[in-house]
Amino acid sequence: MKNWKKIKEDLIFFLKNEVSNAGLSKVTVGLSGGLDSAVVAILCQETFKENLNCVLMPSQFSSQSSIDDAIELCEKFDIKYEIISIEPMVSGFIKNMNEDRLRIGNFSARMRMAVLYDVSSREKSLVVGTSNKSEILLGYGTIFGDTACAINPIGEIYKSDEFEFAKILGVTDAILNKVPSADLWEGQSDEAELGYTYKQMDDLLKLMIDENKSKEELIKLGFEEEFIDKINYRVKANAFKGKLPTIAKIKWS
């Protein structure tokens, strides 16, 4: 059993410290109606109170339930929010994307982050990230889109563990009980895209990454070789998303 009370205290200290070190007092969070942003919003509300600004950024492809769920969370926790549609930006460029859902989804994520950074500039605040450890390791996020942020309080929490934390924080049932989704198009599901449940992937990742178990050890523990290879490939192929741009080293003499 994880000590979520202590983890919560540590994350609140992290948020206060990082924002203070940046010489700021406000934070901005993109609220999607999903679990990750709900957890981050509650942590930020407890830390910054009225100095938190949440932004809902629906597109023409967003579900109404996601908007409703995000608003319900804000009302429960007295979180200040605004709604800024990215529909005009997506509509203005969608003809160039040949109805490719992945491209449209990635473009939408980057439009949301552009809006979020503009709001943070207006508010003189830091953008707080909402990617969990599972997403970061698997590369399940859009580089310079939903992965962009100044600080991230939940990047070391696996998705399957986060549900327990969310219950303790008081996340609304509508969000707790919904299927994990980036809400990039109607019916989109994280686990359907990834091919496995977060619990299955997290059980493997904890041993593969955190405990550095070899492939042979993982097979002995009961994991199928094909599953290990697929997840290992995803982790390695997407590692670049978590790095700063590589700058060429120049020898000047």
Side-chain angles (χ1 to χ4, degrees), residues 4 7-8 11-12 14-16 18-19 24-89 108-109 111-132 135 141 145-155 157 159 162-184 188 190:
W4 291 114
I7 291 170
K8 178 183 174 183
L11 293 179
I12 287 174
F14 163 83
L15 288 165
K16 284 181 179 175
E18 291 299 317
V19 173
L24 298 170
S25 60
K26 296 181 180 181
V27 293
T28 296
V29 175
L31 199 58
S32 67
L35 188 79
D36 301 319
S37 63
V39 167
V40 172
I42 292 170
L43 288 171
C44 287
Q45 170 68 352
E46 218 166 301
T47 307
F48 302 105
K49 308 299 182 190
E50 68 279 358
N51 285 329
L52 161 66
N53 193 57
C54 281
V55 190
L56 285 62
M57 296 167 285
S59 75
Q60 59 269 53
F61 303 109
S62 299
S63 64
Q64 185 60 44
S65 63
S66 293
I67 300 168
D68 294 341
D69 294 344
I71 292 174
E72 182 188 14
L73 183 89
C74 290
E75 290 176 346
K76 177 179 178 180
F77 288 93
D78 195 25
I79 294 171
K80 180 175 62 176
Y81 73 92
E82 60 186 297
I83 302 175
I84 302 175
S85 173
I86 63 165
E87 187 274 335
M89 293 89 95
S108 299
M111 289 302 95
R112 288 191 174 98
M113 196 51 63
V115 169
L116 209 56
Y117 267 89
D118 180 62
V119 171
S120 78
S121 177
R122 183 194 76 198
E123 296 293 318
K124 296 181 174 55
S125 66
L126 280 188
V127 173
V128 182
T130 60
S131 294
N132 60 66
E135 292 172 338
D146 53 312
T147 62
C149 61
I151 55 175
N152 181 346
I154 64 166
I157 302 177
K159 181 76 170 191
E162 194 180 359
F163 284 93
E164 186 180 345
F165 190 30
K167 288 178 184 177
I168 291 169
L169 292 174
V171 171
T172 50
D173 289 341
I175 291 175
L176 279 171
N177 297 328
K178 70 167 55 176
V179 174
S181 171
D183 200 30
L184 297 176
Q188 187 262 341
D190 294 357

If you measure from [atom1] on [X] to [atom2] on [Y], what distance do you get to the nearest 0.5 Å?
X: Leu24; Y: Leu126; atom1: CG; atom2: CG; value: 5.0 Å
X: Asn152; Y: Phe14; atom1: CG; atom2: CZ; value: 7.0 Å
X: Ser25; Y: Glu123; atom1: OG; atom2: CD; value: 10.5 Å
X: Thr130; Y: Leu116; atom1: OG1; atom2: CG; value: 9.0 Å
X: Asn53; Y: Ser125; atom1: CG; atom2: OG; value: 7.0 Å
X: Met57; Y: Ser62; atom1: CE; atom2: OG; value: 10.0 Å

If you look only at pairs with a residue in residues 51-70, which of them pass as a salt bridge (charged side-chain N to carboxylate O under 4.0 Å, His left out), with sequence neighbours excluded?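 Sorted result for residues 51-70: Asp69-Lys178.
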Inter- and intrachain pairs under salt bridge (charged side-chain N to carboxylate O under 4.0 Å, His left out), touching residues 45-63, at least two apart: Lys8-Glu46
Walk me through it: do Trp4 and Ile157 pass the test side chain to side chain contact (heavy atoms under 4.5 Å, CB included)? CA-CA 11 Å; Trp4 291 114; Ile157 302 177; 4.1 Å; yes
What are the two closest heavy atoms between [X] and [Y], and how far apart are they?
X: Ser66; Y: Ser32; answer: CB-O, 3.5 Å
X: Ser37; Y: Gly30; answer: CB-O, 3.3 Å
X: Leu31; Y: Ala38; answer: CD1-N, 4.1 Å
X: Pro58; Y: Ile84; answer: CD-O, 3.8 Å
X: Met111; Y: Met89; answer: SD-CB, 3.7 Å
X: Gly129; Y: Pro153; answer: O-CD, 3.6 Å

Walk me through whether Phe48 and Val128 qualify under side chain to side chain contact (heavy atoms under 4.5 Å, CB included). CA-CA 12 Å; Phe48 302 105; Val128 182; 5.7 Å; no
I'd like to check [X] versus [Y] (side-chain heavy atoms, cut-off strictly below 4.5 Å). Are they in contact?
X: Arg112; Y: Ser59; answer: yes
X: Leu176; Y: Leu35; answer: yes
X: Ile83; Y: Ile71; answer: yes
X: Leu15; Y: Val27; answer: no

Counting N and O atoms only, with roles assigned by atom type, does the side chain of [X] sit under 3.5 Å from a partner on the main chain of [Y], one being a donor and the other an acceptor?
X: Ser120; Y: Thr28; result: no
X: Asn132; Y: Asp36; result: no
X: Gln45; Y: Phe77; result: yes

Pair listing, side chain to side chain donor-acceptor pair (under 3.5 Å) test, anchored in residues 72-81, at least two apart: none
Ser131 side chain to Thr147 side chain, donor-acceptor N/O pair below 3.5 angstrom: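 Per modelled atom types, Ser131 and Thr147 side chains form no pair under 3.5 Å.
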Side chain to side chain contact (heavy atoms under 4.5 Å, CB included) evaluation trace for Glu82 with Val119: CA-CA 10 Å; Glu82 60 186 297; Val119 171; 3.9 Å; yes
Quick one, Leu11 with Val39, criterion side chain to side chain contact (heavy atoms under 4.5 Å, CB included). Give me CA distance, side-chain angles, the key distance, then yes/no. CA-CA 11 Å; Leu11 293 179; Val39 167; over 6 Å; no
